[in-house]
Visitor: 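My questions will all concern the structure given below.
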Amino acid sequence: MTTNDLDDLAGSSQNVAKLEANLARVEELTQRLLKVMGHGRPVRPDLQGPGQDLYVKAATAYMTEMMNNPAKLIEHQLEFWGKSVKHYVEAQHILMQGKMEPATDETTSDRRFAHELWQTNPYFNFIKQQYLMNASAVQQAVDDIETLDSEEKKRLQYFSQQMVDMISPTNFLPTNPEALALAAETEGESLVAGLENLIADLEANDGDLVVTLADKKAFKLGDNLATTPGSVVFRNHMFELIQYAPSTEKVYSTPLIIFPPWINKFYILDLKPQNSLIQWAVDQGYTVFVVSWVNPDAGYRDTSMSDYVEDGYLTAINEVKQICGVKKVNAVGYCIAGTTLSLTLALMKQRKDTSINSATFFTTLTDFSDRGEVGVFLDDDFVDGIAAEVEEHGVLDSFFMSRTFSYLRSNDLIYGPAIKSYMMGKAPPAFDLLYWNGDGTNLPASMAMEYLRGLCQDDKFATAGFEVCGTTVQIKDVTVPLCAIACETDHIAAWKSSYQGIQKMGSKDKTFILSESGHIAGIINPPSKKKYGHYTNPELGLTVDDWYDAADKHEGSWWPRWDTWLSQKSGKKVSARQPGSEKNPVLAPAPGTYVVAK
């Protein structure tokens with residue numbers, strides 16, 4: 001026996017020992033897994049998927065069309081079976097010739113199948129092609145149903161695609177070549193690490209499976225996130241008011257107050273200095289205030305939209321006026337906070353309160369006649385389930401909101417991260433945006449149902465009127481100068497609906513900007529990155545499609561364009577203001593206490 005033989009034997013023995021150790025570890029982890037899996041919260045069936053009525057209507061419509069036009073169905077079936085059988089025969093023929101190569105591949109490109117083995121290995125390529133053919137057939141079958149109304153068809157398309165995405169071969173270990181190759185390469189260590197990641201996520205969420213998207217240990221608020229210098233200068237049961245320290249000797253006389261959505265935490269606007277909209281606004285010479293909303297528990301059950309307006313918006317505006325010694329402020333509302341800002345403005349109009357000089361809306365819906373992609377979750381089957389959930393618990397837990405928004409981009413926010421974490425044993429990245437995305441908040445029961453029923457479903461603000469603070473307000477009552485920024489690929493607040501809402505507002509001074517990218521990346525788009533561009537068109541009387549066709553495309557961020565608009569509404573320059581006042585002493589350093597409360 002040679003030295004090389006001894007080395008090979010020693011190496012083989014080490015590999016076997018490593019594999020045995022990993023198998024023993026798997027057995028230990030399996031016991032932990034079985035223990036934690038029984039702890040997850042029971043989720044109501046009506047929050048798990050659409051009601052059966054949708055599928056009954058779809059099946060009835062499909063059968064009706066099959067009877068009325070059987071030739072169409074037969075043609076589609078023959079096309080599908082023809083492709084599938086042809087592919088199977090070709091793959092078999094190549095295999096019988098002793099060739100280890102895939103059959104002709106004419107399927108569309110899909111980034112889920114980017115690994116080279118999906119292209120070069122005949123087994124995995126066969127699986128991939130058959131899956132994509134099946135997916136295309138399902139999509140075509142749904143698209144060809146003509147007797148459903150548009151909203152029902154949109155929902156059927158969405159949920160059928162969810163099922164198709166769920167059964168992708170990439171989501172299962174035996175049919176994921178990348179995960180299998182890594183398992184072989186590491187003698188099973190990647191699978192052990194993946195199981196550890198799975199158990200850690202279950203244990204961290206009391207048995208609920210919530211995929212960790214970012215390394216939670218990599219970030220700490222006030223340390224490497226939300227670091228813009230400032231102070232809490234007011235606090236009540238609804239919010240903390242943060243005033244940021246100036247970075248310029250002179251500032252505009254009219255302060256700027258930003259209302260972030262209470263569905264999420266405010267620091268999406270202050271992630272890191274490089275992409276902080278708050279820091280950038282301070283650097284442009286604005287006195288910036290931000291509302292940091294409380295994360296409600298069951299004690300906030302009866303907190304309503306009126307409470308958010310009266311004890312939130314109006315209180316915050318008055319505190320800013322008092323601190324700065326001014327009569328007017330400029331306001332920003334992001335997403336649902338923009339919707340509520342518009343309600344507040346309409347109420348102030350009726351009260352003859354002129355405290356708002358101008359308003360800016362980020363990705364804001366006020367006209368809900370077309371609710372966009374998120375509308376698939378806004379029919380009675382889901383909303384009735386939410387009503388029952390909040391009646392029992394007093395709040396809509398952040399678990400449900402996070403899961404809903406994740407399923408709007410399930411391949412990116414659920415399946416892709418789960419594959420990397422659970423199948424391949426990779427640690428989640430240190431990504432600030434994904435860390436924020438996983439730091440959810442609850443919604444008070446009363447407010448949630450008012451929003452879902454009165455605004456989303458009944459579209460009252462844009463039609464008959466929405467009641468807030470004992471007054472019925474309408475969209476036409478928003479008359480202050482305004483600037484709206486929508487995002488082209490926004491899956492939460494569809495830009496076309498945002499545009500239509502702005503059209504209905506009563507303001508004579510309106511500016512509409514369409515940013516490239518989505519709900520977050522289109523807004524958190526600093527000029528330094530030179531990443532996403534934007535569109536402008538001053539003619540807001542056009543239809544949404546005509547507006548877009550005639551719009552001018554601009555390279556880079558919309559932030560400087562907004563700065564030009566906002567500076568003209570912000571008065572002369574005065575000496576920079578330090579946080580607080582005699583009546584509003586500093587209570588805590590930014591980012592405050594509400595944002596870190598669990």
Side-chain angles (χ1 to χ4, degrees), residues 241 243-244 246-248 250-260 269 277-291 313-314 316-334 337-349 351-364 366 475-486 498-499 501-503 505-515 523 527 534 536-540 554 557-577:
L241 182 65
Q243 181 180 359
Y244 289 92
S247 62
T248 56
K250 296 286 186 177
V251 296
Y252 292 102
S253 58
T254 304
L256 176 68
I257 180 170
I258 301 176
F259 295 96
L269 297 164
L277 189 146
I278 289 173
Q279 181 66 69
W280 178 85
V282 169
D283 291 342
Q284 308 316 303
Y286 297 100
T287 302
V288 179
F289 292 81
V290 171
V291 165
Y313 285 71
L314 295 176
I317 290 166
N318 286 331
E319 293 299 324
V320 171
K321 288 166 53 181
Q322 178 177 291
I323 291 169
C324 295
V326 296
K327 294 182 178 180
K328 290 178 179 286
V329 304
N330 292 319
V332 176
Y334 193 167
T339 306
T340 313
L341 175 60
S342 69
L343 299 177
T344 305
L345 290 167
L347 177 67
M348 295 171 76
K349 172 75 172 180
R351 291 181 175 181
K352 295 181 170 50
D353 184 342
T354 60
S355 297
I356 300 292
N357 191 53
S358 75
T360 300
F361 301 103
F362 295 166
T363 64
T364 292
T366 48
I475 196 169
K476 63 181 178 61
D477 297 327
V478 179
T479 58
V480 302
L482 62 89
C483 178
I485 296 89
S498 178
Y499 175 84
I502 296 301
Q503 280 187 313
M505 291 181 178
S507 307
K508 294 180 181 179
D509 180 353
K510 301 179 186 178
T511 297
F512 187 84
I513 300 170
L514 178 63
S515 175
I523 296 298
H534 60 281
T536 60
N537 183 345
E539 299 298 326
L540 299 188
H554 309 277
S557 172
W558 55 268
W559 291 12
R561 185 174 302 277
W562 177 55
D563 176 38
T564 300
W565 179 88
L566 184 62
S567 63
Q568 296 171 1
K569 317 291 183 185
S570 299
K572 62 182 181 179
K573 291 287 186 76
V574 298
S575 297
R577 307 174 175 107

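Counting begins at 1 with the first residue of the sequence. Just so you know, these numbers come straight off a predicted model, no measurement behind them.
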Visitor: Main chain of Y252, side chain of S570: is a donor-acceptor contact present, judged purely on distance under 3.5 Å?
Guide: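 The answer is no, because no donor-acceptor pair under 3.5 Å joins these two groups.
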
Visitor: Is there a donor in the side chain of T254 and an acceptor in the side chain of N330, or the other way round, less than 3.5 Å apart?
Guide: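 Result is no, nothing qualifies.
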
Visitor: Have a look at M348 and tell me which of L343, V480, T479, L314 forms a side-chain contact (heavy atoms from CB on, under 4.5 Å) with it.
Guide: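 The passing option is L314.
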
Visitor: Whether the side chain of K321 engages the backbone of S355 through a donor-acceptor N/O pair (distance < 3.5 Å, no angle test) should be reported.
Guide: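 Such a contact is absent between K321 side chain and S355 backbone.
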
Visitor: How many angstroms lie between CG in L347 and CG in D477, if you round to the nearest 0.5 Å?
Guide: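 So the gap between those two atoms works out to 9.5 Å.
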
Visitor: Please determine, by modelled atom types, if T248 and D283 share a side-chain donor-acceptor pair under 3.5 angstrom.
Guide: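 No, because no side-chain N or O of T248 sits under 3.5 Å from a partner of the opposite role on D283.
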
Visitor: Name all residues meeting the ring pair (Phe, Tyr, Trp, His ring centres under 6.0 Å) criterion together with F362; count only those two or more places apart in sequence or in a different chain, and write none if there are none.
Guide: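 Ring pair (Phe, Tyr, Trp, His ring centres under 6.0 Å) check on F362 returns Y334, W558, W562.
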
Visitor: Should the heavy atoms of other residues, nucleotides or ligands under 6.0 Å from NZ of K349 be counted, would the total exceed 12?
Guide: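 Incorrect, the count does not exceed 12.
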
Visitor: Going from OG1 on T287 to CD on Q243, what distance comes out if it is rounded to the nearest 0.5 angstrom?
Guide: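 Rounded to the nearest 0.5 Å, the OG1-CD separation comes out at 7.0 Å.
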
Visitor: Got a second to check how far T360's OG1 is from L482's CG, nearest 0.5 Å?
Guide: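 Reported value, rounded in 0.5 Å steps: 8.0 Å.
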
Visitor: Can you list everything that forms a side chain to side chain contact (heavy atoms under 4.5 Å, CB included) with P560? Sequence neighbours excluded, please.
Guide: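 Listed in chain order: P527, S557.
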
Visitor: To check you understand the geometry: which heavy-atom pair defines the closest contact between L341 and G333, and what is its length?
Guide: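 Heavy atoms only, the tightest pair is CD2-N, 3.6 Å.
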
Visitor: Show, in sequence, the C-alpha distance, side-chain angles and deciding distance for Y499 and L514, and conclude whether the side-chain contact (heavy atoms from CB on, under 4.5 Å) test is met.
Guide: CA-CA 9 Å; Y499 175 84; L514 178 63; over 6 Å; no

Visitor: To the nearest 0.5 Å, how far apart are OG in S515 and CD1 in I523?
Guide: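 Going from the OG atom of S515 to the CD1 atom of I523 covers 6.0 Å.
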
Visitor: Please list all pairs passing the salt bridge (Lys or Arg N to Asp or Glu O under 4.0 Å) test where one or both residues lie in residues 562-577, with sequence neighbours left out.
Guide: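 Non-adjacent pairs meeting salt bridge (Lys or Arg N to Asp or Glu O under 4.0 Å): D509-K569.
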
Visitor: Of all heavy-atom pairs between P255 and V326, which one has the smallest distance, and what is that distance?
Guide: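 Looking at all heavy atoms of both residues, the shortest contact is CD-CG2, 3.7 Å.
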
Visitor: Rounded to the nearest 0.5 Å, what separation is found between the NZ atom of K327 and the CG atom of N357?
Guide: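 Atom-to-atom, K327:NZ and N357:CG are 13.0 Å apart.
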
Visitor: Using the side-chain contact (heavy atoms from CB on, under 4.5 Å) rule, take I485 and T363 through it: C-alpha gap first, then chi angles, then the decisive distance, then the call.
Guide: CA-CA 6 Å; I485 296 89; T363 64; 6.0 Å; no

Visitor: Which atom pair, heavy atoms only, marks the closest approach of S342 to V478?
Guide: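 In terms of heavy atoms, the two residues are closest at O-CG2, 3.5 Å.
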
Visitor: Atom CD1 of I513 and atom NE2 of H554: how far apart are they, to the nearest 0.5 Å?
Guide: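 Atom-to-atom, I513:CD1 and H554:NE2 are 8.5 Å apart.
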
Visitor: Where is the tightest heavy-atom contact between A331 and L256, given as atom of each residue plus distance?
Guide: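 Shortest heavy-atom contact: N-CD1, 4.5 Å.
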
Visitor: Test I257 against V332 for side-chain contact (heavy atoms from CB on, under 4.5 Å), laying out the working first.
Guide: CA-CA 6 Å; I257 180 170; V332 176; over 6 Å; no

Visitor: Go through the structure and list residues passing ring pair (Phe, Tyr, Trp, His ring centres under 6.0 Å) with F259, not counting sequence neighbours.
Guide: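 Listed in chain order: Y313.
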
Visitor: So, do K250 and V574 sit near enough that their side-chain heavy atoms are less than 4.5 Å apart?
Guide: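 Counting from C-beta outward, K250 and V574 never come under 4.5 Å.
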
Visitor: To check you understand the geometry: which heavy-atom pair defines the closest contact between F512 and A486, and what is its length?
Guide: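 That would be CZ-CB, 3.7 Å.
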
Visitor: How would you list, by chain and number, every residue that makes a side chain to side chain contact (heavy atoms under 4.5 Å, CB included) with N537, sequence neighbours excluded?
Guide: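 Residues passing side chain to side chain contact (heavy atoms under 4.5 Å, CB included) with N537: E539, L542, W547, A550, A551.
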
Visitor: For residues C324 and F289, determine if any side-chain heavy atom of one lies less than 4.5 Å from a side-chain heavy atom of the other.
Guide: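 Yes, close enough: below the 4.5 Å cut-off.
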
Visitor: Partners of T364 by side chain to side chain contact (heavy atoms under 4.5 Å, CB included), sequence neighbours excluded?
Guide: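 Scan of T364 (side chain to side chain contact (heavy atoms under 4.5 Å, CB included), adjacent residues dropped) gives T339, F361, T366.
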
Visitor: Between the side chain of S567 and the main-chain N/O of T564, is any donor-acceptor distance below 3.5 Å?
Guide: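 A pair under 3.5 Å: yes.
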
Visitor: I'd like to know whether K476 forms a side-chain contact (heavy atoms from CB on, under 4.5 Å) with M505, so could you lay out the CA-CA distance, the side-chain angles of the two residues, the decisive distance to 0.1 Å, and finally the verdict.
Guide: CA-CA 5 Å; K476 63 181 178 61; M505 291 181 178; over 6 Å; no

